[in-house]
Amino acid sequence: MRISNKEKAYNMMFIAPALILFMVFNLYPILRTIQLSFFEWNGIDRHMTFVGFQQYIDILFYNPIFWRSMLNAGYITLLSLTLQNGLALMLALLVNRQIRGDNIYRVIFFLPPVLSGIVVGLIWRFVYDGNHGILNHVLVYTFGLEQFRDFAWLSEIRTALSAVTVVHMWRGFGYGFIILLAGLQTIPQDLYEAAEVDGADAWQQFKYITAPLLIPVFTLVSILTVLGSMQIFDLIYSMTRGGPAGHTHVPITRIYEYMSNGEFGYATAMAILFGIVLLVVSAAQIYVSKKLNR
């Protein structure tokens, strides 16, 4: 049945508000960002100097600071993909067994992600404090580790990034926990009962039933973990401001730094390159997921 032009126009009336909002608040900023990346601009003057791809070339080949921040973000992402999601899966498997008080555990595990990142960062900054931090107090007076009495976790180059990563994983595992738990609850219990009848143990049930059926959920959690970890900003800004000596900077904090210095064109070029990296990584994860599904 063909739809008349009047019906098409009537249907467009319902789509138009969402379409307008998308174009104003999503599409236009993206196109504007791409345009600004080809200009040198301080963000104030009307005059902009066209430089073409020069800023992209400088970032790719002559800016080791940016690539250092990419490595830092990669380090945080790698640990989040393994340790954070591994913990989330383990807790989801435990809660899915309908243990006593499972609803309480769901609330507790999901509480850190809903907290403000700035607040979490400031609290953990106090925990890591070298003079009167809670962590050093526990290590010294509970475990007798005197070498940590005045240890400044966020001021030491060898520990600062790992300390921030631990906080990021603590705050973020709740998202993966909720999503993985929802995925586990969609798996029919009949499959596990049939596997038990056939003599399959717990590991075989996980290997041949749980893991294959959770591949789409794993993919979603992995993509969200990569995007969230690579774009971490609030924790780093509130805990270290990129220090010590820039060893905790990530691309987002570098972009913010360049914009604060009035290099808007350079910052937007960096943002475009960073967005392309995230797009490629996400596409690769989806491709691998499809291969595993097959």
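Excluded from the calculations below are hydrogen atoms, water molecules and symmetry mates; all remaining heavy atoms, backbone and side chain alike, are included.
Residue pairs meeting the side-chain hydrogen bond (donor to acceptor under 3.5 Å, both in side chains) criterion with at least one partner in residues 20-30, sequence neighbours excluded, do not occur; the list is empty.
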Requested in this report: Verify side chain to side chain contact (heavy atoms under 4.5 Å, CB included) between His247 and Arg158, making sure each step is shown before the conclusion.
Outcome: CA-CA 9 Å; His247 279 76; Arg158 63 183 186 274; over 6 Å; no

Report task. Please report the C-alpha distance between Val120 and Val167 in whole Å, then the side-chain angles of each, then the deciding distance to 0.1 Å, and finally whether the side chain to side chain contact (heavy atoms under 4.5 Å, CB included) criterion is met. Result -> CA-CA 8 Å; Val120 170; Val167 179; 3.8 Å; yes

Report task. In sequence, state the C-alpha distance, the side-chain angles, and the governing distance for Phe39 and Thr268, and then conclude on side chain to side chain contact (heavy atoms under 4.5 Å, CB included). Result -> CA-CA 9 Å; Phe39 292 85; Thr268 53; over 6 Å; no

**Report entry** side chain to side chain contact (heavy atoms under 4.5 Å, CB included) evaluation trace for His249 with Glu257
**Finding:** CA-CA 10 Å; His249 267 302; Glu257 190 177 64; 3.6 Å; yes

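In this structure, the side chains of Leu91 and Phe173 come closer than 4.5 Å at one or more pairs of heavy atoms. Glu40 is not listed as a side-chain neighbour of Glu263, based on a closest heavy-atom distance of 4.5 Å or more. With contacts defined as side-chain heavy-atom distances shorter than 4.5 Å, the pair Met48/Leu36 qualifies. Taking 4.5 Å as the limit, some side-chain heavy atom of His168 sits within range of a side-chain heavy atom of Ile76. Between Tyr287 and Lys290 there is no side-chain heavy-atom pair separated by less than 4.5 Å.
No single ILVMFWY cluster, assembled from side-chain heavy atoms under 4.5 Å apart, contains both Ile232 and Tyr175. Linking ILVMFWY residues whenever their side-chain heavy atoms come closer than 4.5 Å, directly or via other members, places Tyr258 and Ile57 in the same cluster. Val114 and Ile118 fall into different hydrophobic clusters, defined by Ile, Leu, Val, Met, Phe, Trp and Tyr side-chain heavy atoms under 4.5 Å apart, directly or through other members. When hydrophobic clusters are built by joining Ile, Leu, Val, Met, Phe, Trp and Tyr residues whose side-chain heavy atoms come closer than 4.5 Å, directly or via intermediates, Val221 is not grouped with Leu94. Placement of Leu81 and Leu278 within a single hydrophobic cluster is found when ILVMFWY residues are connected by side-chain heavy-atom separations under 4.5 Å, directly or transitively.
Nearest heavy atom pair, residue Pro251 against residue Phe66, reads CB-CE1, 4.2 Å. Minimum heavy-atom separation, Ile252 to Met230: CG1-O, 4.3 Å. Taking each heavy atom of Ile108 and Pro112 in turn, the nearest pair found is O-CD, 3.3 Å. The nearest pair of heavy atoms linking Gly265 to Gln55 is O-NE2, 3.3 Å. Considering all non-hydrogen atoms of both residues, Ala92 and Leu181 come closest at O-CD1, 3.6 Å. Closest of all the heavy-atom pairs between Gly176 and Ala88 is C-CB, 3.8 Å.
Side-chain atoms of Trp41 come within 3.5 Å of backbone N or O of Asp45 as a donor-acceptor pair. At least one donor-acceptor pair under 3.5 Å links the side chain of Arg171 to the backbone N or O of Leu115. Between the side chain of Asn63 and the backbone N or O of Ile65 there is at least one donor-acceptor pair closer than 3.5 Å. Put simply, the side chain of Ser155 never gets that close to the backbone of Ala152: no donor and acceptor are under 3.5 Å apart. Counting only distance, with no hydrogens or angles, the side chain of Gln185 and the backbone of Asn96 share no donor-acceptor pair below 3.5 Å. Panel note: side chain Trp67, backbone Ile59; a donor-acceptor pair is recorded below 3.5 Å. Side chain of Asn42 to main chain of Ile44: a donor-acceptor pair is present (N/O by atom type, distance under 3.5 Å, no hydrogens or angles). Distance alone, capped at 3.5 Å, places no donor-acceptor pair between the Ser162 side chain and the Thr159 backbone.
Within 6.0 Å of atom CZ in Phe50, more than 12 heavy atoms from other residues, nucleotides or ligands are found, so the atom counts as buried in its surroundings. Counting non-hydrogen atoms of neighbouring residues, nucleotides and ligands closer than 6.0 angstrom, the CD1 atom of Ile104 reaches no more than 12 such neighbours.
Taken from CZ in Phe25 to CD1 in Ile30, the straight-line distance is 13.5 Å, to the nearest 0.5 Å. Here the straight-line distance linking atom CD1 of Ile255 with atom CD of Gln231 works out to 9.0 Å at 0.5 Å rounding. Interatomic distance, CG of Leu154 versus CG of Asp129, reported as 8.5 Å (0.5 Å rounding). The line from CG of Leu279 to CG of Leu227 is 9.5 Å long, rounded to the nearest 0.5 Å. Note that OG of Ser229 is 6.0 Å distant from CD of Gln84, once rounded to the nearest 0.5 Å. Rounding to the nearest 0.5 Å places OG1 of Thr49 at 13.0 Å from CD of Gln54.
Counting only N and O atoms by type, the side chains of Ser289 and Thr219 include a donor and acceptor under 3.5 Å apart. A donor-acceptor pair shorter than 3.5 Å can be found between the side chains of Asp58 and Tyr266. Judged by distance alone, the side chains of Tyr75 and Thr165 never bring a donor and an acceptor atom under 3.5 Å apart.
Classified by interplanar angle (parallel below 30°, tilted 30° to 60°, perpendicular above 60°), the ring pair Tyr256/Phe233 is perpendicular. Using cut-offs of 30° and 60° on the angle between ring planes, the pair Trp153 and Phe148 is parallel. Taking the six-membered ring where tryptophan is involved, the planes of Phe53 and Phe38 are perpendicular, since the angle between them exceeds 60° and thus also 30°.
When each of Phe151, Tyr141, Tyr128 is paired with Asn136, the side-chain contact (heavy atoms from CB on, under 4.5 Å) condition holds for Phe151 and for no other.
With sequence neighbours excluded, the residues forming a side-chain contact (heavy atoms from CB on, under 4.5 Å) with Leu93 are Leu89, Leu184, Phe206, Thr210, listed by chain and number.
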For residues 236-243, which side-chain N or O atoms pair as donor and acceptor with protein atoms under 3.5 Å away, sequence neighbours left out?
from, atom 1, to, atom 2, distance (Å)
Ser238, OG, Asp234, O, 2.9
Ser238, OG, Leu235, O, 3.2
Thr240, OG1, Ile236, O, 3.3
Thr240, OG1, Gly242, N, 3.2
Thr240, OG1, Thr248, OG1, 2.8
Arg241, NE, Tyr237, O, 2.8

